[in-house]
Amino acid sequence: MTGRIAFQGELGAYSHQACRQSRPQMEAVPCATFEEVIDRTRAGDVDLGMLAVENSTYGRVADVHRLLPQSGLHIIDEAFVRVHINLLAVKGTKLDQVKRVRCMSILLGQCGTFLKDHNLATLNWTDNAAAARDVAALNDPAEAALASELAGEIYGLDVLARQIEDQSNNTTRFLVMSRDPDMTRRADHMITTLTFRVRNIPAALYKAMGGFATNGVNMTKLESYMVGGSFTATEFYADIEGHPEDANVKLALDELRYFSSQVDILGVYPADRRRD
């Protein structure tokens with residue numbers, strides 16, 4: 001597929017890497033915020049949007065889970081990107097010259113051991129690729145950035161240390177968003193993402209979940225969040241394995257709907273091969 005795909009961040013961000021990995025033939029379009037990615041995709045300024053939803057070390061990206069149900073968009077794919085964190089500095093810099101590093105706060109918790117071992121001060125930046133861009137502009141060996149190798153290539157920086165993340169399996173999951181749903185079965189291993197709100201009756205959640213257990217449907221994610229500023233109105237976000245047309249999934253969803261006041265399918269898409 002040719003066309004344009006929007007992502008949050010500057011050129012060289014991990015979301016940009018996800019675009020290259022998932023849709024290499026498309027032009028990647030940087031956006032300042034997740035909201036901008038959604039708005040430009042919904043308006044037709046770009047064909048698809050790439051949204052980060054969770055990281056294996058840091059956890060979920062809360063803003064995206066809040067925005068997805070109201071986005072008016074549909075999930076048509078997922079992409080698991082191995083997040084390698086690299087220390088980048090201006091050309092010719094030696095590691096012992098670096099005094100400070102810039103990056104988003106979520107990266108700091110993913111490579112704390114390296115930062116502590118090298119006694120590096122940190123500066124919280126709005127975007128990792130923007131940190132690399134700004135370090136290049138400063139042209140000061142004392143200043144460095146934590147970012148992808150792609151960012152280093154784009155902004156002409158040296159990689160002083162590669163893959164400094166604490167966890168060897170550090171991975172971010174992205175969702176590819178489209179204005180139009182794609183419910184076709186494109187692989188044997190399909191994922192269905194949905195949100196639901198259970199009815200206000202005793203043990204409603206327990207009863208709603210029972211259909212997945214009795215029909216052998218594997219639920220890989222279940223998260224709750226409040227809606228409308230109310231402590232009593234709770235919506236659930238879930239990922240299940242299978243396609244809504246599968247007999248067991250259909251039965252489980254029928255039971256879920258019986259005990260829920262609202263069920264919305266956000267997308268049906270092939271499981272990324274890196275999921276397992």
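Nothing fancy with the numbering, it's 1 onward along the sequence.
To the nearest 0.5 Å, atoms CG (Asp239) and CG (Leu222) are separated by 9.5 Å. One finds the OG atom of Ser15 at 11.5 Å from the CD atom of Glu10 (value rounded to the nearest 0.5 Å). The OH atom of Tyr258 sits 6.0 Å away from the CZ atom of Arg199 when rounded to the nearest 0.5 Å. A distance of 9.0 Å separates CG of Asp39 from CG of Leu67, quoted to the nearest 0.5 Å. Considering CD1 of Ile164 and CG of Leu115, their distance stands at 6.0 Å, rounded to 0.5 Å. Considering OG of Ser224 and CZ of Phe236, their distance stands at 5.0 Å, rounded to 0.5 Å.
Heavy atoms only, all atoms of each residue included: Ser71 and Ile38 are closest at CB-CG2, 3.8 Å. Of all the heavy atoms in Gln8 and Ala32, the pair that sits closest is NE2-O, 3.4 Å. Across all their heavy atoms, Phe114 and Leu95 have their closest contact at CZ-CD1, 4.3 Å. In terms of heavy-atom proximity, Ser260 sits nearest to Phe196 at OG-CD1, 3.9 Å. Across Ala52 and Val64, no two heavy atoms sit closer than the pair O-CG2, 3.1 Å. Minimum heavy-atom separation, Gln17 to Ser148: OE1-CB, 3.8 Å.
Considering only heavy atoms from C-beta on, Val159 stays 4.5 Å or farther from Leu87 through its side chain. Contact of the Met50 side chain with the Val37 side chain is not registered, since no non-hydrogen atoms from C-beta on lie closer than 4.5 Å. Side-chain contact between Leu11 and Leu150 is absent, with no heavy atoms from C-beta onward closer than 4.5 Å. Side-chain contact between Leu107 and Asn128: present, with at least one pair of heavy atoms (C-beta onward) separated by less than 4.5 Å. Between Phe7 and Val29, the closest side-chain pair of non-hydrogen atoms is not below 4.5 Å. Contact of the Asn55 side chain with the Val61 side chain is not registered, since no non-hydrogen atoms from C-beta on lie closer than 4.5 Å. Counting only heavy atoms from C-beta outward, the side chains of Arg275 and Glu78 approach each other to under 4.5 Å. Between Lys250 and Pro244, every side-chain heavy-atom pair lies at or beyond the 4.5 Å cut-off.
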>> Working note: His74 + Leu266, criterion side-chain contact (heavy atoms from CB on, under 4.5 Å); need CA distance, chi angles, decisive distance, verdict.
In response: CA-CA 5 Å; His74 306 272; Leu266 301 183; over 6 Å; no
> Could you go step by step and tell me if Arg23 and Asp77 meet the salt bridge (Lys or Arg N to Asp or Glu O under 4.0 Å) rule?
Replying inline: CA-CA 10 Å; Arg23 296 294 191 278; Asp77 230 333; 3.1 Å; yes
>> With side-chain contact (heavy atoms from CB on, under 4.5 Å) as the criterion, how do Met177 and Ile76 come out once you've worked through the C-alpha distance, each side chain's angles and the decisive distance to 0.1 Å?
In response: CA-CA 6 Å; Met177 310 300 297; Ile76 62 167; over 6 Å; no
> Where do Met190 and Val268 land on the side-chain contact (heavy atoms from CB on, under 4.5 Å) test, with the steps shown first?
Replying inline: CA-CA 7 Å; Met190 298 290 290; Val268 181; 3.8 Å; yes
>> As a quick check of understanding, evaluate salt bridge (Lys or Arg N to Asp or Glu O under 4.0 Å) for Asp272 and Arg173, giving each step before the final call.
In response: CA-CA 9 Å; Asp272 188 284; Arg173 180 184 177 223; over 6 Å; no
>> Asp140 vs Val90, test: side-chain contact (heavy atoms from CB on, under 4.5 Å). Steps then yes/no.
In response: CA-CA 7 Å; Asp140 181 351; Val90 295; over 6 Å; no
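Linking ILVMFWY residues whenever their side-chain heavy atoms come closer than 4.5 Å, directly or via other members, leaves Phe259 and Phe212 in distinct clusters. Val46 and Leu48 fall into different hydrophobic clusters, where Ile, Leu, Val, Met, Phe, Trp and Tyr are joined by side-chain heavy atoms under 4.5 Å apart, directly or via other members. Val53 and Phe80 are not part of a single hydrophobic cluster, where members link through side-chain heavy atoms under 4.5 Å apart. The cluster map of Ile, Leu, Val, Met, Phe, Trp and Tyr, joined by side-chain heavy atoms under 4.5 Å apart, puts Leu205 and Leu194 in the same cluster. Hydrophobic clustering (side-chain heavy atoms under 4.5 Å, transitive across Ile, Leu, Val, Met, Phe, Trp, Tyr) keeps Leu123 apart from Ile85.
Using a 3.5 Å distance cut-off with no hydrogens or angles, the side chains of His84 and Glu165 do pair a donor with an acceptor. Side-chain contact of Tyr269 with Thr193: a donor-acceptor pair under 3.5 Å is present, judged by distance alone. In summary, the side chains of Ser178 and Asp180 do not present any donor paired with an acceptor at a separation below 3.5 Å, with no hydrogens or angles considered.
Under a 3.5 Å cut-off, the side chain of Asp158 and the backbone N or O of Leu160 do not form any donor-acceptor pair. Within the 3.5 Å criterion, the main-chain N or O of Asn248 finds no donor-acceptor partner in the side chain of Asp246. In terms of modelled atom types and a separation under 3.5 Å, the side chain of Asn170 and the main chain of Arg82 share no donor-acceptor contact. Between the Arg179 side chain and the Thr41 main chain, a donor and an acceptor come within less than 3.5 Å of each other. Between the side chain of Asn124 and the backbone N or O of Met104 there is no donor-acceptor pair closer than 3.5 Å. Proximity of a side-chain donor or acceptor of Asn86 to a complementary backbone N or O of Gln163 within less than 3.5 Å is detected. Formation of a donor-acceptor pair under 3.5 Å by the Ser22 side chain with backbone atoms of Ala18 is not found in this model. Using modelled atom types, one side-chain atom of Ser56 and one backbone atom of Asn169 make a donor-acceptor pair closer than 3.5 Å. Using a distance-only test at 3.5 Å, with no hydrogens or angles considered, no donor-acceptor pair links the side chain of Tyr14 to the main chain of Ala129. Judged by distance alone, the side chain of Thr195 and the main-chain N or O of Pro69 form no donor-acceptor pair under 3.5 Å.
A salt bridge links Glu35 to Arg66: at least one charged side-chain nitrogen sits closer than 4.0 Å to a carboxylate oxygen. Look at Lys99 and Glu143 and you find no salt bridge, because none of the NZ, NE, NH1 or NH2 atoms lies under 4.0 Å from a carboxylate O. Ion pair Arg4/Asp45 flagged as a salt bridge, since at least one NZ, NE, NH1 or NH2 atom sits closer than 4.0 Å to an Asp/Glu carboxylate oxygen. Taking the charged nitrogens against the carboxylate oxygens, Glu255 and Arg257 have no contact shorter than 4.0 Å, which rules out a salt bridge.
The number of heavy-atom neighbours closer than 6.0 Å to CG of Asp117, taken from other residues, nucleotides and ligands shown, is above 12. Heavy-atom contacts from other residues, nucleotides or ligands closer than 6.0 Å to CD of Gln70 number 12 or fewer. By the 6.0 Å contact criterion, CG on Asn119 is open, its count of non-hydrogen atoms from other residues, nucleotides or ligands being 12 or less.
Among Thr214, Val217, Leu256, Asn215, the single residue meeting the side-chain contact (heavy atoms from CB on, under 4.5 Å) criterion with Leu251 is Asn215.
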